[in-house]
Colleague: 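First the structure, which I've put down as structure tokens, then a few questions once you've had a look.
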Amino acid sequence: MAVLKVLVLGGTTEASALARLLAATPGFDAVLSYAGRTRNPLAQPIATRVGGFGGVEGLADYLRGHGVQALVDATHPFAAQMSHHAAAAAGIARVPLLALRRGPWVAGPEDDWLGVADMAAAADAIGIARRRVFLTVGQKEVAAFRARPQHAYLIRSVDPIDADALPPEAVLINARGPFEPAAERALLEEHGIDVIVTKNSGGTATAGKLAAARDLGLPVIMVERPAVPPVETVEGAAAALDWLCGHAMRLGA
Ligand code: NAP
């Protein structure tokens, strides 16, 4: 039986879900690509590779060199550079591209959210007066908050963060979701948190803090998503598998 060669750009829950579906479905020879940011990435049921490709040309070379027949961009909504590279490289190598993205979180009537464009604006929005801040923005982004050293920060990230990237008053928690609303509420209460700063990642795994904020009447500073290229997009791993199956049928793979 012929197989369809697929490259999945990963680093998300959705990429892992698609990897499981591809492992369980005959007719695919799939590789999941990690940037290599986390120290202990989850084990996967398909082949993996780790590390950057070397820009757009490097990715286009990889696609051609490995005979990739379909590319799925299942990177995080904030991994915008990789998404732009994927769109450009897929065009150069003439490989069909699908983006697998979760929808953004949307505020309800009982939420107190302030949308901001980037981390610097988020740090500004905390205000002048000292506050106790719960920061869940990813390890790369924490350094922006060193510019606001008057606040006390509770910072959660998957991996440890270098001390020189941290604001002076910081408590660090290393944990990987999912996080339940009740446990999130207990954490916010235990640390006397006044405000939450987060990226609009979407999905359920890390939405518990938003429900907890709503319950406690806490404000949320929400960093909105960067622009990504307008490529064909689906929301769930099952829809991505459907797209790949359709593509395999068209190619007679
Ligand atoms: P980025 O800024 O868009 O990408 C920076 C560079 O990292 C890319 O140009 C590429 O290097 C390399 N890269 C990114 N994703 C890759 C992948 N899946 N496979 C191979 N190389 C990759 O991305 P980022 O924000 O650093 O995120 C890196 C990874 O972490 C992504 O896979 C993303 O899904 C995951 N992640 C990101 C966030 C976030 O908030 N940014 C949150 C959770 C998970 P080359 O140019 O050399 O190819």
Side-chain angles (χ1 to χ4, degrees), residues 6-19 22 30-42 44 46-66 68 70-93 95 97-102 104-105 116-119 122 135-145 155-159 161-162 165 174-179 197-207 209 221-229 231 233 235 237 240:
V6 180
L7 177 65
V8 180
L9 302 173
T12 56
T13 312
E14 291 74 16
S16 298
L18 179 58
L22 286 168
V31 172
L32 177 66
S33 176
Y34 279 123
R37 300 280 186 272
T38 48
R39 292 189 185 177
N40 298 304
L42 296 176
Q44 297 292 345
I46 61 173
T48 58
R49 67 166 296 287
V50 180
F53 296 92
V56 172
E57 283 302 331
L59 178 55
D61 287 347
Y62 181 99
L63 295 173
R64 285 185 293 231
H66 289 77
V68 173
L71 176 62
V72 180
D73 172 11
T75 57
H76 192 269
F78 280 77
Q81 178 168 307
M82 190 70 243
S83 293
H84 284 283
H85 286 188
I92 293 169
V95 172
L97 167 65
L98 180 73
L100 167 53
R101 289 195 206 298
R102 54 184 98 141
W105 292 317
V116 294
D118 56 30
M119 292 299 152
L135 202 57
T136 62
V137 294
Q139 65 194 84
K140 279 202 315 183
E141 312 287 3
V142 165
F145 296 86
I155 301 173
R156 184 167 65 200
S157 69
V158 173
D159 283 318
I161 301 176
D162 288 343
N174 294 125
R176 197 196 294 265
F179 303 107
V197 181
T198 186
K199 295 192 283 204
N200 195 337
S201 299
T204 54
T206 60
K209 64 191 167 212
I221 298 170
M222 185 67 74
V223 181
E224 299 302 351
R225 296 176 170 200
V228 287
V231 303
T233 301
E235 269 210 19

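Keep in mind that this is a model prediction, so the values were computed, not measured. Order of listing sets the numbers, starting from 1, for every ligand and every atom in it.
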Colleague: Sequence neighbours excluded, which residues qualify as side-chain contact (heavy atoms from CB on, under 4.5 Å) partners of His85?
Modeller: Val56, Gln81, Met82
Colleague: So which protein heavy atom does atom 44 (C) of ligand 1 come closest to, and at what separation?
Modeller: Gly11 O, 3.3 Å
Colleague: Identify, for atom 46 (O) of ligand 1, the protein heavy atom at the shortest distance, and state residue, atom and that distance.
Modeller: Gly55 N, 3.1 Å
Colleague: Show me the side-chain donor-acceptor pairs of residues 34-42 shorter than 3.5 Å, one per line, residues at least two apart or across chains.
Modeller:
from  : atom 1 : to    : atom 2 : distance (Å)
Tyr34 : OH     : Leu42 : O      : 3.1
Tyr34 : OH     : Gln44 : NE2    : 2.8

Colleague: Does ligand 1 have any atom sitting under 4.0 Å from a heavy atom of Gly10?
Modeller: yes
Colleague: Just go through Met82, Glu57, His76 and tell me whose heavy atom is the nearest to atom 4 (O) of ligand 1.
Modeller: Met82
Colleague: Which of the atoms in ligand 1, numbered in the order shown and given with their element, are less than 4.0 Å from a heavy-atom of Ser33?
Modeller: 17 (C), 18 (N), 19 (N), 20 (C)
Colleague: Judged on heavy-atom distance to atom 39 (C) of ligand 1, which of Arg37, Gln81, Lys199, Arg225 sits nearest?
Modeller: Lys199
Colleague: Of the protein's non-hydrogen atoms, which lies at the shortest distance from atom 27 (O) of ligand 1, and what is that distance?
Modeller: Ala79 CB, 3.8 Å
Colleague: In this structure, does ligand 1 have an atom that sits under 4.0 Å from one of the heavy atoms of Glu141?
Modeller: no
Colleague: To which protein heavy atom is atom 25 (O) of ligand 1 closest, and what is the distance rounded to 0.1 Å?
Modeller: Lys140 NZ, 3.3 Å
Colleague: Within less than 4.0 angstrom of ligand 1, does His84 place any heavy atom?
Modeller: no
Colleague: Return yes when Ala15 approaches ligand 1 closer than 4.0 angstrom through a heavy atom, no otherwise.
Modeller: no
Colleague: Using a strict cut-off of 4.0 Å, indicate which atoms of ligand 1 neighbour a heavy atom of Phe78.
Modeller: 39 (C), 40 (O), 41 (N)
